Amino acid sequence: MDESQMKQDRRRRRPALSCVSCRKSKIRCDRNLPCGACVRSKHKTCVFEPQDPSLLRQSDISSSAAGLVHAAELQSSSNTRSPVENGSAYVHHGDLSHEDHSSMSLTGSTPVDSTSSQNTGPSFDVKSLLERIRELERRLEESTGHHPESSNAVRASASGSESITTYPSYIAGNLDAMSKGVMSKTRYLGQSHWMNQVENFSSVLGMFEQQCREKKSEPMALVSRCKAAGRTVKAQRWPELSSKFGVNIPPREIADNLIDAYFRTSESIFRIVHVPSFRKDYENFWLSPDSVDLSFLIQLQLVMAIGSTIYDGCFSMRKSATKWVYEAQCWLISPNPKSRLTLSGLQVMLLLCIAQEAAGVGPDLVWMPVGQLMRTAIFMGLHRDPKKLPKMTRLRSEMRRRLWNTILELALQTSIDSGGPPLIALQDFDTCAPANCDDDELTDDDVPTTASPPDKFTDMSMALALRTSFTARLAIAQTLNDISTQHSYDDIIRLHSHLSAVYKLLSQTLQRFTSTERQPTSFQRRLVDFIVRRYFMALHLPYFHPAMKEPTYAFSRKTVVEMSVKLYCTVFPSAALSPRPLRPSVNDIGSTTVGLDDLARFATCGSGFFRSIVSQAAMAIGFELQNQLQEDDGLGPPTPRVDLLNIFRDSISWLYLRIQAGETNVKGFFFESALLAQIEGFTNGLTGEELTDIIVKAGMDAVSEGCELLKLQIEPKPDENTTTKDAQFNFDPMMTMDGDWEYNDSMQNVLFDITSIDSVFGPVAGPDMMTADFSQW
């Protein structure tokens, strides 16, 4: 060992605990991050050099740990802000904020000034800070015998520092907004849920709230009358269940139409049944109704329930569809659940989830039974490819693949609708995609069937085309609704680019089918387009409101508006050029919907994602119109974009038709009518009290019209002694329009109960569960 090395070894190995800037300036450092000296000197960064933990003295452990825990809390607080704040790449160093997009990394690590990095070497990122904290706490525990809460303390401090904004409201109740969702009463609604956009319309809602606070509340009384009428209509739809199923089957001609409607629409995208086998059992049912299995009878009723949604333009079979849905729910909770662990039982569960959304029986709660459905399928081994299971027939193996493919699609779809996490991991299943073949090619023997080439259109082509975009759409759902996922705006752009590339390939695939003998129908093309495009809108909606003030998110604003236009025009193609009248004639309920095609009828008569996507698109367009007019600083009256205004007008007509078709909630119609009045008021240059008066009047006129439509839906009882329909509402004096009454806390939420989309855009058609006599089963 030479002399220089001996001198180096005899050196005192003191770790550098001060930051680089304080060491250079030879001033005392308080070892916080950022330290007090850097904050006072307004230094851009406060950097500490990494040290070998073995060099630290025991006396330095506790003081260093305190500074690092403080630093970790700062970083955790930054990470738990809303995605808008994270995406804007605001870097917090002490009390300063610097907008630096170029230095923000996708991993979320703290940017470091390039000049300082060259002079001082590598700096700590979040991962190294947390690792150093754990090491310091471990050594402190070993030396003192004290057992702190170690890593949980950091997580607790991080979660405790998350900012929660409460929006108190007489109308809507308290809404607690946090980084990746909102809490309304007992429900946590993730970022993809429509409730996260309610604050965009605080100006219109605030006007009616002011009315409730200052005046004898005529708006509240009108809405109370509508709610009473709606409850009466829904009560009349509730079925009286018995222990015998299949007593409400319509005549053969109507049943044939309902089944054909289901097969040409829903079944062509979400493959559930084997059509030749179903039709064979269907024929046997009409020959001998008592000879078919009970599981097939339940399947038949659910198929008809879905088909009845588009049977006509006014959903005249809603009451029968509701009864069929409740009978299926009762069958699934009947004794001996092991007997339903079959492919037929899974088909019933799948059809029930779709029927609940189509018929409007608890459509916002479908995410929960889909979770049970997925666990049942995993329990039966559908997450494993049939090639890795005991030998089975071609028909059985392909049906298992088809059912698993549909379960994945429903799980993803309901995740976006409900704001819940998708609960899907690609590594948790190895089931291959179904084969591209027609149903007629699948038989119950062991003869292998050769799949058709990808460019040949078959019964599975649309489902397989949608499957190609599954991974990209799943990544978006996880980004939006998984609470552990943190992302920057660069991640949003990356996800957008990935989905765009996948969507382009999907479009090219469907385009190739147009030159073949058999082609996809208009409904199939539009529905696949409708499903995929909504993920573009969902991805950018969290940045839509901030984009009105922050140019950084201008791309998100453009994407949301353009996708909203395309989504709405996919369902109603002529809306942008020739919107329907705001108040269609009510003399003939079917006259205004006779020209609707299958997709438009699903959106007008059905519920679930058909309604929620169109509603979100209309709300986004209305918000864009509102802001365009407010941003216009010209000398003359502002001019709205014509196509957006036409679509928004058409959406009010759509909501009116939904009430005619049986919807018992008028609040969506009320709100959009008031928003349209505000937009037209801006166009005419109105301000102040004059603008407020026309907005309130438009809202109240809409509520009055909606109440009249609800009265038409009430069925008079034969034994009634009174002929007035108002007698059925069971009003108390508070609801009458003649007396004066004051607002009180008991009326909170009467206008907007925001626990579900049904409270604004539609009803739940009955109680969550009906009891039945199971003694005969």
Side-chain angles (χ1 to χ4, degrees), residues 260-276 307 310 398 401-402 405-406 408-409 412-413 432-442 449-473 496-537 559 562-578 595-603 609-610 613-614 617 643 647:
D260 291 341
Y262 167 76
F263 282 141
R264 75 171 181 263
T265 56
S266 181
E267 179 63 30
S268 65
I269 305 296
F270 308 111
R271 298 308 317 272
I272 298 176
V273 302
H274 182 240
V275 178
I310 56 175
E398 281 303 315
R401 292 190 180 104
R402 290 184 179 188
N405 185 72
T406 304
L408 291 178
E409 187 60 40
L412 180 58
Q413 177 179 292
C432 299
N436 185 35
C437 60
D438 293 322
D439 286 19
D440 294 335
E441 301 177 36
L442 301 178
T449 303
T450 304
S452 302
D455 56 351
K456 180 182 178 182
F457 188 81
T458 67
D459 296 337
M460 281 299 301
S461 293
M462 299 306 296
L464 292 175
L466 191 59
R467 174 69 178 259
T468 59
S469 65
F470 177 79
T471 303
R473 291 182 288 126
H496 178 99
S497 300
H498 184 202
L499 183 60
S500 298
V502 172
Y503 178 75
K504 183 178 180 180
L505 291 176
L506 188 152
S507 301
Q508 292 173 351
T509 300
L510 298 183
Q511 189 67 27
R512 287 198 299 267
F513 293 142
T514 58
S515 59
T516 60
E517 181 179 356
R518 183 182 175 187
Q519 302 177 4
T521 64
S522 173
F523 175 87
Q524 291 172 334
R525 291 194 305 268
R526 291 161 62 201
L527 181 57
V528 169
D529 189 63
F530 188 67
I531 291 173
V532 178
R533 283 188 187 274
R534 70 96 53 101
Y535 287 85
F536 288 105
M537 182 177 67
T559 301
E562 296 307 319
M563 286 299 165
S564 297
V565 170
K566 292 177 181 178
L567 284 169
Y568 195 92
C569 291
T570 298
V571 181
F572 304 108
S574 62
L577 299 177
S578 56
L596 298 179
D597 58 20
D598 289 338
L599 185 57
R601 285 185 176 179
F602 267 123
F609 76 96
F610 293 105
I613 296 176
V614 177
D643 60 334
I647 291 175

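Every value quoted in this text rests on a predicted model; they were computed, and no experiment measured them.
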Can you confirm whether Thr509 sits close enough to Phe513 that some side-chain heavy atom of one is under 4.5 Å from a side-chain heavy atom of the other?
yes
Roughly how far apart are Asn405 CG and Arg467 CZ, rounded to 0.5 Å?
4.5 Å
Which heavy-atom pair separates Phe609 from Arg534 by the least distance, and what is that distance?
CB-NH1, 4.3 Å
Minimum side-chain heavy-atom gap Met462-Ser268 below 4.5 Å
no
Using side-chain heavy atoms (C-beta onward) and a distance below 4.5 Å, is Arg533 in contact with Tyr503?
yes
Can we say Arg402 and Asp459 salt-bridge, meaning some charged N sits less than 4.0 Å from an Asp/Glu carboxylate O?
no
About how many Å separate OG1 of Thr265 and CZ of Phe602, when rounded to the nearest 0.5 Å?
4.0 Å
Heavy atoms only: give me the nearest Cys437-Glu441 pair and the separation to one decimal.
CB-OE1, 3.6 Å
Whether Phe530 and Phe610 hold their rings parallel, tilted or perpendicular, with breakpoints at 30° and 60°
parallel
Quick one: are Arg526 and Asp597 in side-chain contact, heavy atoms under 4.5 Å?
yes
Check side-chain hydrogen bond (donor to acceptor under 3.5 Å, both in side chains) between Ser452 and all other residues, then give those that pass, not counting sequence neighbours.
none
Across all chains, not counting sequence neighbours, the side-chain hydrogen bond (donor to acceptor under 3.5 Å, both in side chains) partners of Glu267 are Tyr262, Arg271
Qualifying residues under side-chain hydrogen bond (donor to acceptor under 3.5 Å, both in side chains), relative to Asp598, sequence neighbours excluded:
Arg264
Measure across Arg518 and Phe457 and return the closest heavy-atom pair with its distance rounded to 0.1 Å.
O-CB, 3.4 Å
Return the minimal non-hydrogen interatomic distance between Leu599 and Thr570, and the atom names on each side.
CD2-O, 3.8 Å
Minimum heavy-atom distance Pro454-Asn436, with the two atoms named:
CA-ND2, 4.0 Å
Run Tyr535 and Leu412 through side-chain contact (heavy atoms from CB on, under 4.5 Å) and show every step you take.
CA-CA 11 Å; Tyr535 287 85; Leu412 180 58; 3.4 Å; yes
Between the OG atom in Ser564 and the CD1 atom in Ile647, the distance rounded to the nearest 0.5 Å is 9.0 Å
Test side-chain contact (heavy atoms from CB on, under 4.5 Å) on Thr516 and Asp455; report intermediate values, then the result.
CA-CA 9 Å; Thr516 60; Asp455 56 351; 6.0 Å; no
Calculate, to the nearest 0.5 Å, the distance between atoms CG and OG1 belonging to Leu506 and Thr468 respectively.
4.5 Å
Is there a side-chain contact between Val571 and Leu567 (heavy atoms, below 4.5 Å)?
no
Under 4.5 Å between any side-chain heavy atoms of Phe536 and Leu499, yes or no?
yes
For atom CD of Gln508, is the number of surrounding heavy atoms from other residues, nucleotides or ligands below 6.0 Å larger than 12?
yes
Checking the side chain of Arg525 only, and the main-chain atoms of Pro520 only, is there a donor and an acceptor separated by less than 3.5 Å?
yes
Heavy-atom closest pair, residues Pro434 and Leu464:
O-CD2, 3.3 Å
Could you state the interatomic distance from OG1 (Thr471) to NE2 (His498), rounded to the nearest 0.5 Å?
7.0 Å
Find the distance between CD1 (Ile272) and OG (Ser266) and round it off to the nearest 0.5 Å.
6.0 Å
Would you indicate whether the side-chain heavy atoms of Arg473 and Ile531 approach each other to under 4.5 Å?
yes
